[in-house]
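We count ligands from 1, going down the list as the structure has it; atoms in each ligand are counted the same way. Along the sequence shown, residues carry numbers from 1.
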Amino acid sequence: MQVKELIFATNNENKVKEIKSVVGENLVVISLKDAGIDQDIPEPHHTLEANATEKSTVIHELTQKNCFSEDTGLEVFALHGEPGVKSARYAGEGRDFQANIDKLLEKLTDQDNRSAQFRTVISLIWEGREYLFEGICKGRINEIQQGVEGFGYDPIFIPDGAEKTFAEMTLAEKNEFSHRKKATTQLIDFLNKNI
Ligand code: ITT
């Protein structure tokens with residue numbers, strides 16, 4: 001099978017590591033850093049889909065190469081889907097993981113319904129056409145922070161079917177449940193079937 005190359009339009013090295021861990025040998029993922037691109041990518045929209053499209057489009061226009069991006073949000077049901085599209089900047093422009101966690105736990109004080117989901121939207125631009133893929137991981141927000149692995153909200157998210165947070169899991173364990181893994185699997189299936 002032919003090896004395919006794709007630029008991953010992200011500045012988040014945690015995402016690069018996670019996606020590289022699931023793509024296998026037929027897809028070579030090139031991060032913006034590896035491509036020598038130092039560009040802040042805007043996320044001005046109100047949906048994950050629109051932000052993912054924005055990111056892949058900006059990098060496609062810059063490079064004229066096949067590329068993909070992803071936008072992920074943590075959607076908490078008792079908070080009507082917050083922090084959602086604002087997940088990275090929930091507690092402010094500093095994009096501080098700890099401050100975001102503190103704000104979310106504070107908002108859920110005394111809240112019985114702790115259901116939440118991570119949702120990842122991937123925007124692929126291949127030969128000038130866009131394709132979207134989605135991956136969802138349902139679970140709940142733990143009362144306290146546990147574990148040191150992963151990034152972002154991992155220390156407070158327990159996926160359905162597990163008894164520990166993402167931050168208490170190895171990457172391989174997180175991949176058994178992960179929103180990002182599910183969306184990436186669809187991307188790979190699409191590339192294998194259609195290209
Ligand atoms: P790029 O836009 O450069 O890809 P980003 O960090 O800004 O990187 P997002 O806009 O998708 O990415 O931000 C989503 C935020 O949600 C991210 O900063 C984390 O705080 C959180 N997040 C995303 N995926 C996560 C995961 O798998 N586990 C825990 N938190 C996650």
Side-chain angles (χ1 to χ4, degrees), residues 6-22 29-35 37-59 62 67-76 79 81-105 116-124 133-142 145-159 162 164-184:
L6 276 181
I7 293 180
F8 183 12
T10 182
N11 287 310
N12 184 328
E13 289 301 313
N14 298 291
K15 290 183 178 180
V16 175
K17 185 175 160 201
E18 289 196 4
I19 286 193
K20 280 189 173 175
S21 80
V22 299
V29 171
I30 303 162
S31 68
L32 288 184
K33 201 170 149 206
D34 291 345
I37 299 169
D38 179 14
Q39 168 128 354
D40 192 32
I41 319 172
E43 295 173 287
H45 301 292
H46 299 297
T47 63
L48 298 176
E49 286 79 2
N51 280 335
T53 298
E54 178 87 22
K55 290 190 262 191
S56 58
T57 303
V58 165
I59 296 306
L62 188 74
C67 65
F68 72 102
S69 73
E70 66 105 288
D71 208 41
T72 296
L74 175 61
E75 301 173 337
V76 179
L79 302 177
E82 268 191 22
V85 76
K86 293 181 285 190
S87 292
R89 298 175 175 81
Y90 195 39
E93 285 303 313
R95 305 168 66 97
D96 179 336
F97 290 157
Q98 187 59 54
N100 289 339
I101 287 176
D102 291 344
K103 178 171 177 181
L104 186 55
L105 289 181
Q117 65 181 29
F118 274 113
R119 193 162 73 88
T120 292
V121 174
I122 289 180
S123 163
L124 166 70
F133 308 96
E134 182 187 65
I136 290 175
C137 175
K138 292 183 185 294
R140 68 181 183 85
I141 305 299
N142 201 25
Q145 256 176 267
Q146 284 172 316
V148 295
E149 301 300 323
F151 68 104
Y153 298 90
D154 280 346
I156 55 169
F157 184 83
I158 301 180
K164 54 186 179 180
T165 69
F166 270 159
E168 294 176 290
M169 297 183 186
T170 62
L171 183 49
E173 286 174 312
K174 181 176 175 182
N175 282 340
E176 285 174 30
F177 303 95
S178 150
H179 41 293
R180 183 163 294 105
K181 163 81 187 290
K182 287 175 187 159
T184 308

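Among protein residues, Thr10, Asn11, Asn12, Lys15, Glu43, Lys55, Glu70, Asp71, Thr72, Ser87, Ala88, Arg95, Phe97, Phe118, Phe151, Gly152, Tyr153, Asp154, Lys174, His179, Arg180 come within 4.0 Å of ligand 1, judged on heavy atoms.
Between Lys164 and Glu173 there is a side-chain heavy-atom pair separated by less than 4.5 Å. Taking 4.5 Å as the limit, some side-chain heavy atom of Gln145 sits within range of a side-chain heavy atom of Gln98. Here the side chains of Cys137 and Ser178 are not in contact, with every heavy-atom distance at 4.5 Å or above.
We find that Lys20 and Asp34 are joined by a salt bridge, their nearest charged nitrogen and carboxylate oxygen being less than 4.0 Å apart. By the 4.0 Å N-to-carboxylate-O rule, Lys174 lies too far from Glu149 to be salt-bridged with it.
Below 30°, between 30° and 60°, or above 60°: for Phe97 and Phe151 the angle between ring planes is between 30° and 60°, a tilted geometry.
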